[in-house]
Amino acid sequence: MTGFPWSPELTLLRAVCARDTRTFAVSNAVENVTDWDEALRLARVHGLASIAHDRLASIVHPQIPDDFRAALLAEKRRNAANLALRERVLAEIRNLAKPSKIRELKGGQIADWAYDVPKIRHVGDLDLLVRDQDIPDVDLVIRSMGYRQKAPRFRLDGRT
């Protein structure tokens with residue numbers, strides 16, 4: 001065997017997420033999956049559940065369990081709700097702080113670069129780039145919204 005020995009479950013996700021319109025690669029990958037729970041776990045961990053749901057929707061294959069498809073759909077809906085909340089929080093921060101003081105980073109950029117439809121990428125947090133001198137103002141805005149710092153010894157400064 002040459003190359004990296006991908007698990008059958010990861011091979012399925014790679015086939016599903018490839019921009020290849022041919023379905024035989026996915027069908028072949030489906031036939032090798034032995035652990036659908038692992039396939040679901042990997043889809044969640046890598047933020048691919050929404051994409052997997054959308055791309056598998058058009059593929060009829062008797063070996064794809066209905067509960068796997070249902071779990072992908074549930075994860076897609078949860079991701080959409082999380083993204084909507086994240087967008088509302090960011091909008092609120094921008095309303096309360098001067099817009100020039102904040103830039104969104106990482107998650108949004110990665111989604112924009114890597115996905116045809118960025119909103120289907122799983123997002124677990126909101127990363128902001130803030131100038132050193134603006135940190136106290138932005139922190140005050142975020143706290144005024146009811147958010148509390150979880151890491152008690154974490155100090156907001158230019159390094160963090």
Please identify each residue that fulfils side chain to side chain donor-acceptor pair (under 3.5 Å) with Arg69, with sequence neighbours left out. none

Under the side chain to side chain donor-acceptor pair (under 3.5 Å) test, residues paired with Arg41 that sit two or more places apart: Glu38

Separation between [atom1] of [X] and [atom2] of [Y], rounded to the nearest 0.5 Å:
X	Y	atom1	atom2	answer
His61	Leu56	NE2	CG	10.5 Å
Arg44	Leu72	CZ	CG	8.0 Å
Asn79	Leu48	CG	CG	10.0 Å

Quick one: side chains of residues 8-17, donor-acceptor pairs under 3.5 Å with protein atoms, not counting sequence neighbours, listed by atom name and distance.
{"residue": "Glu9", "atom": "OE2", "partner": "Thr34", "partner atom": "N", "Å": "3.3"}
{"residue": "Glu9", "atom": "OE2", "partner": "Thr34", "partner atom": "OG1", "Å": "3.4"}
{"residue": "Glu9", "atom": "OE2", "partner": "Asp35", "partner atom": "N", "Å": "3.0"}
{"residue": "Thr11", "atom": "OG1", "partner": "Ser7", "partner atom": "O", "Å": "2.8"}

Considering residues at least two apart in sequence or located in another chain, which fulfil the side chain to side chain contact (heavy atoms under 4.5 Å, CB included) criterion with Pro65? Trp36, Asp67, Phe68

By side chain to side chain contact (heavy atoms under 4.5 Å, CB included), Leu73 pairs with (sequence neighbours left out) His53, Arg77

